[in-house]
There are 2 protein chains.
Amino acid sequence: MADANLQQRLYQALRQALLDGRFQPGEALKIRDLASAWGTSPMPVRAALQRLVAEGALEGEPQRSVRVPPMTEARFRQLFEVRLSLEGLAAELACPRVTAEALAQLEAEVAEMDAALQRRDIRTYLAANSRFHLALYGACDNPLLLRLIESLWLQVGPFFNRLFTEADLNLRLNGFHDEACRALRTGDARAVRHAVEQDLRYCGQYLAGLLRLEADAPARKSGAAARAGRGASTRTRPGQSASALGIPSRAARG
Amino acid sequence: MADANLQQRLYQALRQALLDGRFQPGEALKIRDLASAWGTSPMPVRAALQRLVAEGALEGEPQRSVRVPPMTEARFRQLFEVRLSLEGLAAELACPRVTAEALAQLEAEVAEMDAALQRRDIRTYLAANSRFHLALYGACDNPLLLRLIESLWLQVGPFFNRLFTEADLNLRLNGFHDEACRALRTGDARAVRHAVEQDLRYCGQYLAGLLRLEADAPARKSGAAARAGRGASTRTRPGQSASALGIPSRAARG
DNA sequence: ATCGTTGTTTTGTGATCACAGAATGTCAAT
DNA sequence: ATTGACATTCTGTGATCACAAAACAACGAT
């Protein structure tokens with residue numbers, strides 16, 4: 001996984017950075033900056049960015065810089081309408097195909113999420129949550145569906161992770177995971193789907209609330225450099241976003 | 001639409017060629033060939049191909065030529081599972097949002113399809129069919145969903161169109177379109193979804209049958225150059241696939 | 001003080017070149 | 001005749017260069 005094409009590694013790195021919310025919404029990713037940060041030529045960076053644009057993870061108008069799309073209420077609604085449909089389908093398909101080992105892993109993830117919630121360790125919770133859903137959907141025997149779901153995650157990621165790190169959640173969203181596990185044991189595919197859909201709906205409602213809050217209070221602190229309309233005139237200096245990457249930046253040459 | 005970036009124009013051209021089934025499944029698209037066919041440098045072609053790979057319309061292993069993926073039963077199943085879910089969702093969402101003009105267009109398309117069927121004009125039928133579904137889904141007020149559906153069409157396209165041009169269809173799949181229109185008038189979203197799903201299922205079942213037939217009879221004539229396993233040793237001469245394009249090939253220079 | 005204008009810099013895009021890995025084609029040995 | 005190794009060609013990938021459009025900043029007019 002570490003080898004392969006340079007552009008594919010850059011793609012993976014950018015993808016992970018996006019999922020971790022290491023880029024500000026609205027932030028412009030400039031080819032030459034990233035290239036110098038990685039110590040490569042602009043070429044593979046260009047390819048990686050174009051691929052992310054093709055997947056909808058980044059937005060780029062014809063002749064302008066590529067930006068990470070800010071989350072709006074409209075986009076959020078669209079995203080969750082599709083997520084509900086697709087992840088529900090994956091869950092339903094996965095039910096009859098899930099193996100004993102997979103089910104064991106799922107329950108282990110639920111346990112870890114419980115523990116993380118009690119420790120108020122959001123980071124670990126989110127990681128276990130991702131693994132839970134991925135392991136569940138992974139059993140659906142439909143790689144195409146899986147790819148689509150992952151591309152959707154990539155589009156929510158930047159917004160999702162950023163908000164969750166700030167928010168203290170006294171809410172219990174692990175109940176739906178437990179419910180899903182029970183339904184999996186029963187073999188009730190509809191119930192599995194319903195549990196996953198409820199999980200998504202619950203989580204989505206919470207995030208929508210946070211989004212509304214952030215929209216009302218337009219960046220009181222240094223955060224959120226760009227609003228929904230047009231990006232503010234904050235000019236980013238070269239190499240600024242380099243710190244957001246894994247910094248494999250081999251000895252800034254030049 | 002005709003202007004914009006070179007790579008975007010190439011992308012659109014390739015996309016259309018793919019939708020029209022002008023490329024053989026399994027055929028390898030080589031950068032330099034397409035570039036010389038268009039009279040451009042290999043660079044924008046590379047970008048366009050990579051974008052199509054990112055969307056799943058083409059498949060490409062790391063260091064080898066990009067190919068149009070052959071349709072297999074597994075892939076077909078995966079594709080239609082997702083299509084059913086997504087297009088059903090789009091139809092359901094579109095129902096309460098469809099305008100009077102859109103509905104008029106939909107019924108006009110149905111009429112045209114009827115006429116085309118009686119004339120056994122498959123070409124016109126397919127075009128009207130595309131317009132019908134696109135117009136319906138277009139009312140769903142979810143551009144993201146629309147993009148996903150179009151990318152799915154792009155993946156079925158090469159297979160879909162090729163088979164339909166060969167097959168004489170005495171089947172009546174216009175009934176579901178009519179049913180959808182009636183449900184739209186009633187405002188019964190579930191019924192609209194059901195009609196569209198039935199349409200897809202019916203069409204999919206037919207195509208699956210043809211696929212099975214083609215799989216059993218492995219290319220008795222000159223068609224189908226490559227099978228599912230490994231591509232045959234048919235070595236394509238440069239410029240062969242150029243005829244499949246719009247041939248904007250400006251005076252082969254050199 | 002604000003807005004329109006102009007000159008400079010930045011930044012994406014396309015072309016050409018260079019390199020490495022894969023595929024193919026040839027030839028010799030069994 | 002088939003199979004193995006070897007040489008050649010092809011093809012994707014990355015680097016560097018050149019150009020045009022967009023963004024930015026400074027300036028001048030109202």
Side-chain angles (χ1 to χ4, degrees), chain A residues 3-13 26-54 58-68 225-226 230-242 248 250 253-254, chain B residues 3-13 26-54 58-67 225-226 229-242 248 250 253-254:
Chain A
D3 48 78
N5 284 348
L6 187 46
Q7 55 178 267
Q8 289 194 22
R9 275 183 306 194
L10 299 193
Y11 165 77
Q12 289 295 347
E27 181 177 351
L29 300 187
K30 299 169 204 172
I31 296 182
R32 285 177 173 86
D33 292 1
L34 295 175
S36 73
W38 260 305
T40 74
S41 103
M43 186 85 31
V45 178
R46 191 200 304 193
L49 289 180
Q50 283 171 341
R51 176 166 174 188
L52 286 167
V53 170
L58 296 176
E59 66 178 9
E61 297 162 71
Q63 207 90 0
R64 261 206 299 302
S65 262
V66 173
R67 308 181 318 164
V68 27
R230 275 281 159 254
S233 65
T234 55
R235 182 148 171 74
T236 63
R237 288 269 156 267
Q240 166 176 329
S241 50
R250 40 188 113 164
R253 45 162 211 180
Chain B
D3 49 78
N5 284 346
L6 188 46
Q7 55 178 271
Q8 290 194 23
R9 274 183 307 193
L10 298 193
Y11 165 78
Q12 290 294 347
E27 181 176 353
L29 302 186
K30 299 170 203 171
I31 296 182
R32 285 177 174 86
D33 292 1
L34 295 175
S36 74
W38 259 305
T40 74
S41 103
M43 186 84 32
V45 178
R46 192 201 304 194
L49 288 181
Q50 283 171 343
R51 177 167 174 187
L52 286 167
V53 170
L58 296 176
E59 66 179 7
E61 296 162 72
Q63 207 89 3
R64 256 201 308 299
S65 260
V66 173
R67 307 181 319 163
R230 277 280 158 253
S233 64
T234 53
R235 183 148 172 75
T236 63
R237 288 268 157 268
Q240 164 175 331
S241 50
R250 41 186 113 165
R253 46 164 210 177

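First the proteins, then the strands, lettered A, B, ... as listed; each starts at 1.
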For this session: Give the minimum heavy-atom separation between V53(A) and G60(A), together with the two atoms involved.
Result: CG1-N, 4.4 Å
Exercise. Could you give the CD-to-P distance, from Q63(A) to dA23(D), as a whole number of Å?
Worked result: 10 Å
Problem set entry | Atom-pair distance (NZ on K30(B); P on dA22(C)), nearest Å | 17 Å
For this session: Identify which nucleotide among dT13(D), dT13(C), dA15(C) has an atom closest to any side-chain atom of P44(B), counting heavy atoms from C-beta outward.
Result: dA15(C)
Exercise. Rounded to whole angstroms, how far apart are CZ on R51(A) and C1' on dG12(D)?
Worked result: 16 Å
Seminar exercise, completed: Considering only heavy side-chain atoms of S41(B), the closest of dT13(C), dG14(C), dG12(D) is dG14(C)
For this session: State, to 0.1 Å, how close A13(A) and W38(A) come at their nearest heavy-atom pair, and which atoms those are.
Result: CB-CZ2, 3.4 Å
Exercise. Does a distance-only test, which skips hydrogens and angles, find a donor-acceptor pair under 3.5 Å between the side chain of R46(A) and the base of dG14(C)?
Worked result: yes
Exercise. Taking the side chain as C-beta and beyond, is there a heavy-atom pair between L49(A) and L34(A) under 4.5 Å?
Worked result: yes
Seminar exercise, completed: When rounded to whole Å, the CG to P distance for the pair N5(B) and dA15(C) reads 12 Å
Exercise. Could you state the CG-C1' distance from L10(B) to dG14(C), rounded to the nearest angstrom?
Worked result: 11 Å
Exercise. Choosing from dT11(D), dG14(C), dT11(C), which nucleotide comes nearest the side chain of R32(A)?
Worked result: dT11(C)
Problem set entry | Proximal nucleotide (of dA15(D), dT13(C), dA18(C)) relative to the Q7(B) side chain | dT13(C)
Problem set entry | I31(A) side-chain proximity, nearest of dT13(C), dT16(D), dG12(D) | dT13(C)
Seminar exercise, completed: Rounded to whole Å, CG of L6(A) lies from C1' of dG12(D) at a distance of 14 Å
For this session: Can you measure from CD (E27(B)) to OG (S65(B)) and round to the nearest 0.5 angstrom?
Result: 11.0 Å
For this session: Return the minimal non-hydrogen interatomic distance between S41(B) and P44(B), and the atom names on each side.
Result: O-CD, 3.2 Å
Seminar exercise, completed: Comparing M43(A) with V66(A), nearest DNA chain C nucleotide closer to 5' gives the residue V66(A)
Exercise. What's the CD-C1' distance between E61(A) and dA21(D), to the nearest Å?
Worked result: 14 Å
Problem set entry | Closest listed nucleotide, where the reference is the side chain of P42(A) and the choices are dA15(D), dT13(C), dT16(D) | dT16(D)
For this session: Return the value, rounded to whole Å, for the distance between atom CZ of R67(B) and atom P of dG12(D).
Result: 13 Å
Exercise. Does OP1 or OP2 of dA21(D) have a side-chain N or O of R64(A) closer than 4.0 Å?
Worked result: no
